[in-house]
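Structure below; questions to follow.
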Amino acid sequence: MSSAKVSTTSTKSEYFVSKPRSAAHQRLYARAVAPAVIDDDVDTLISYPETPEARRLYISKKTSRPVTEFQYRVYDACRQVPKGSYTTYKAMADFLGSGPRAVGNALSKNPFCPLPIPCHRVTTSDCYIGGFSGDTKSKIFFKKAKLEKEGLKFDDKGFIVASLQQARFFKDFV
C-alpha cells in the first residue's frame, strides 16, 4: 500500500466546483422582501481598534459585548478583500482554519460595517448573495446594493453573474 500524500494546495478552481446552484438559496431569494429604503452605503468608516489593548477594551455597539479574538481574526481577514471584489465564507474559513458557519456567525455580528470591515463582500460558495447582518429576508438587498455599487452584478436569483465569479474572486489572504 502506497503512503504517498495527495497535494491539498488550494487552487482557484476548488472554490468554483461545478455544482448546481442551491435550491435553498433560490427559495430564500424568492421569498425575500425588499425594504422600502435600501442602504447602499459603502463609504462610512468606523473606528477599528488596532492595538491589543484597544481590542480588549472595545465593546460592540451591535451586541453590547466584547469582540472575541476569533471575531477579530475574521474581521482582519475580511478587511483584506478589496473594493469591487468578493470572497466566500469557505475561502475565509480555509484561511482561518475554521468553518464557514463560524465565519458567517462572526460577520453577522460585525460592528465595523461597512468600513473598515466590508462583510458585504463575503458570499456563499455558490456565489449566492448570502445573509447580511444576520438576516436573510430583507437586509440581503442592502448587501446586494452595496456590492452592485462596488461593481458586482447579480442575476435575477441573487447569484453573482457567471462572467464575474472568477474574475472578481479574492482568496489571497495574508
Side-chain angles (χ1 to χ4, degrees), residues 15 25 28-29 32-51 54-96 98 100-155 157-161 164-174:
Y15 294 103
H25 289 157
L28 272 176
Y29 196 76
V33 178
V37 178
I38 302 287
D39 172 12
D40 67 350
D41 175 26
V42 292
D43 299 315
T44 299
L45 182 63
I46 297 168
S47 179
Y48 186 66
E50 299 288 348
T51 67
R55 288 180 174 200
R56 189 180 64 74
L57 297 173
Y58 182 82
I59 302 296
S60 169
K61 292 179 175 93
K62 194 165 183 180
T63 63
S64 300
R65 304 180 95 170
V67 174
T68 68
E69 183 179 325
F70 177 74
Q71 288 170 325
Y72 278 121
R73 288 181 54 224
V74 170
Y75 302 157
D76 289 340
C78 187
R79 76 191 299 196
Q80 296 178 46
V81 182
K83 188 174 188 173
S85 296
Y86 76 98
T87 193
T88 63
Y89 299 104
K90 180 186 181 338
M92 287 185 66
D94 287 351
F95 169 71
L96 295 167
S98 178
R101 288 187 184 205
V103 169
N105 187 38
L107 291 175
S108 75
K109 295 171 177 58
N110 175 17
F112 309 106
C113 180
L115 294 176
I117 311 304
C119 57
H120 61 278
R121 297 180 188 153
V122 185
T123 70
T124 64
S125 292
D126 62 356
C127 297
Y128 175 68
I129 190 85
F132 185 66
S133 198
D135 177 274
T136 58
K137 296 193 189 262
S138 62
K139 291 183 181 177
I140 60 171
F141 292 100
F142 297 171
K143 183 175 183 177
K144 183 176 179 244
K146 290 172 188 296
L147 289 169
E148 287 175 335
K149 191 171 186 179
E150 293 182 342
L152 287 176
K153 295 182 184 350
F154 294 84
D155 66 17
K157 294 187 176 10
F159 294 85
I160 296 172
V161 295
L164 296 179
Q165 288 180 6
Q166 289 193 28
R168 298 285 185 88
F169 179 67
F170 177 85
K171 72 170 190 72
D172 300 321
F173 298 101
V174 290

Q. Do Ile129 and Leu147 come within less than 4.5 Å of each other through their side chains, counting heavy atoms only?
A.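 Yes. Closest side-chain heavy atoms under 4.5 Å.
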Q | Side-chain donor/acceptor of Asp41 to backbone N/O of Pro114, under 3.5 Å | A |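 Here the side-chain-to-backbone pair does not exist.
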Q. Are Ser60 and Lys109 side-chain neighbours, meaning at least one heavy-atom pair lies under 4.5 Å?
A.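 When only atoms from C-beta onward are counted, Lys109 and Ser60 do not touch, as no gap falls below 4.5 Å.
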Q) Any sub-3.5 Å donor-acceptor pair from Tyr58's side-chain atoms to Arg65's backbone N or O? A)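 Between the backbone of Arg65 and the side chain of Tyr58 there is no qualifying donor-acceptor contact (under 3.5 Å).
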Q: For Thr88 and Lys171, test the side chains for any donor-to-acceptor distance below 3.5 angstrom and give the result as yes or no.
A: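 No, no side-chain donor-acceptor contact under 3.5 Å.
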Q) Does a salt bridge link Arg73 with Glu69, judged by any charged N lying under 4.0 Å from a carboxylate O? A)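 Answer for the salt bridge query: no.
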**Q.** Lys139 side chain reached by Lys143 side chain, heavy atoms, under 4.5 Å
**A.**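 When only atoms from C-beta onward are counted, Lys139 and Lys143 do not touch, as no gap falls below 4.5 Å.
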Q: Check salt bridge (charged side-chain N to carboxylate O under 4.0 Å, His left out) between Arg79 and all other residues, then give those that pass, not counting sequence neighbours.
A: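 For Arg79, the residues satisfying salt bridge (charged side-chain N to carboxylate O under 4.0 Å, His left out) (neighbours in sequence not counted) are Glu50.
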(Q) Please enumerate all residues that pass side chain to side chain donor-acceptor pair (under 3.5 Å) together with Ser108, with sequence neighbours excluded. (A)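 Ser108 satisfies side chain to side chain donor-acceptor pair (under 3.5 Å) with no other residue.
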Q.
Suppose we screen for salt bridge (charged side-chain N to carboxylate O under 4.0 Å, His left out). Which residues come up paired with Asp76, at least two apart in sequence or across chains?
A.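 Residues passing salt bridge (charged side-chain N to carboxylate O under 4.0 Å, His left out) with Asp76: Arg55.
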Q. Atom CG of Leu107 and atom NE2 of His120: how far apart are they, to the nearest 0.5 Å?
A.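 That separation rounds to 11.5 Å.
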Q | Heavy-atom pair with the smallest gap, counting every atom of Gln71 and Val67 | A |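 Scanning both residues, the minimum pair turns out to be OE1-CA, 3.4 Å.
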Q. Are Tyr75 and Cys119 side-chain neighbours, meaning at least one heavy-atom pair lies under 4.5 Å?
A.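 A side-chain contact is absent here, since even the closest heavy-atom pair is not under 4.5 Å.
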Q. Does Tyr48 have any ring-ring contact (aromatic ring centres under 6.0 Å, His included) partners at least two apart in sequence or in another chain, and if so, which?
A.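 Here the qualifying residues are Phe112.
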Q. Any sub-3.5 Å donor-acceptor pair from Gln165's side-chain atoms to Cys127's backbone N or O?
A.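 Not a single qualifying donor-acceptor pair exists.
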Q. Nearest heavy-atom pair of Ile46 and Pro111: which atoms, and what distance?
A.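 Here Ile46 and Pro111 meet closest at CD1-O, 3.8 Å.
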Q | Which residues share a salt bridge (charged side-chain N to carboxylate O under 4.0 Å, His left out) with Lys146, sequence neighbours left out | A |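 Salt bridge (charged side-chain N to carboxylate O under 4.0 Å, His left out) list for Lys146, sorted by chain: Asp39.
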Q: Please examine the side chains of Asp40 and Phe142, heavy atoms only from C-beta on, and report whether any two atoms are closer than 4.5 Å.
A: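 Contact flag for Phe142/Asp40 side chains = no.
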(Q) For Lys153, give me all partners under salt bridge (charged side-chain N to carboxylate O under 4.0 Å, His left out), at least two apart in sequence or on another chain. (A)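 Expected list: none.
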(Q) Can you pull out every salt bridge (Lys or Arg N to Asp or Glu O under 4.0 Å) where at least one residue sits in residues 114-125? Sequence neighbours excluded, please. (A)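 As it turns out, the salt bridge (Lys or Arg N to Asp or Glu O under 4.0 Å) pairs with a partner in residues 114-125, which skip direct neighbours, are Arg121-Glu150.
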Q: List for me each residue that meets side-chain contact (heavy atoms from CB on, under 4.5 Å) alongside Thr124, sequence neighbours excluded, and say none if there are none.
A: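 Thr124: side-chain contact (heavy atoms from CB on, under 4.5 Å) contacts with His25, Tyr89, Asp126, Tyr128.
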**Q.** Student check: side-chain heavy atoms of Phe70 and Ser98 closer than 4.5 Å
**A.**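 Of all side-chain heavy-atom pairs linking Ser98 with Phe70, at least one is under 4.5 Å.
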Q. With Phe154, which residues qualify under ring-ring contact (aromatic ring centres under 6.0 Å, His included), at least two apart?
A.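 If we apply the ring-ring contact (aromatic ring centres under 6.0 Å, His included) test to Phe154, skipping adjacent residues, there are no hits.
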Q) Minimum heavy-atom separation for Ile140 to Ala32, with atom names? A)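 What the structure gives for the nearest pair is CD1-CB, 3.6 Å.
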Q.
Testing the basics here: between Ala145 and Ile38, what is the closest heavy-atom pair and its distance to 0.1 Å?
A.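 Of all heavy-atom pairs spanning Ala145 and Ile38, the closest is CB-CG2, 3.3 Å.
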Q. Quick one: OH on Tyr86 to CG on Leu152, what's the gap to the nearest 0.5 Å?
A.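 So the OH of Tyr86 and the CG of Leu152 are separated by 8.0 Å.
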Q. Who are the side chain to side chain donor-acceptor pair (under 3.5 Å) partners of Ser85, not counting sequence neighbours?
A.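 With sequence neighbours excluded, Ser85 shows a side chain to side chain donor-acceptor pair (under 3.5 Å) to no residue whatsoever.
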Q.
For the CZ atom of Phe141 and the CD atom of Glu148, what is their distance to the nearest 0.5 Å?
A.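 Rounded to the nearest 0.5 Å, the CZ-CD separation comes to 10.5 Å.
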Q.
To check you understand the geometry: which heavy-atom pair defines the closest contact between Gly151 and Arg168, and what is its length?
A.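 Scanning both residues, the minimum pair turns out to be O-NH1, 3.2 Å.
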Q. Residues two or more places apart in sequence or in another chain: which of them pass side-chain contact (heavy atoms from CB on, under 4.5 Å) with Thr51?
A.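 Glu53, Ala54.
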(Q) Quick check: do Leu115 and Thr44 have side-chain heavy atoms less than 4.5 Å from each other? (A)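 They are not in side-chain contact.
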Q: For Phe170, check ring-ring contact (aromatic ring centres under 6.0 Å, His included) against everything at least two apart and list the hits.
A: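 Testing Phe170 for ring-ring contact (aromatic ring centres under 6.0 Å, His included), a comparison that skips the adjacent residues, returns Phe173.
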**Q.** Reported CZ-to-OG distance for the pair Phe132 and Ser138, which is rounded to 0.5 angstrom
**A.**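 Rounded to the nearest 0.5 Å, the CZ-OG separation comes out at 11.0 Å.
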Q | Euclidean distance, Lys62 NZ relative to Cys113 SG, rounded to 0.5 Å | A |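 Cys113 SG to Lys62 NZ: 7.0 Å, rounded to 0.5 Å.
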Q: To the nearest 0.5 Å, tell me how far Ile117 CD1 sits from Gln80 CD.
A: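 Going from CD1 on Ile117 over to CD on Gln80, the span is 10.0 Å.
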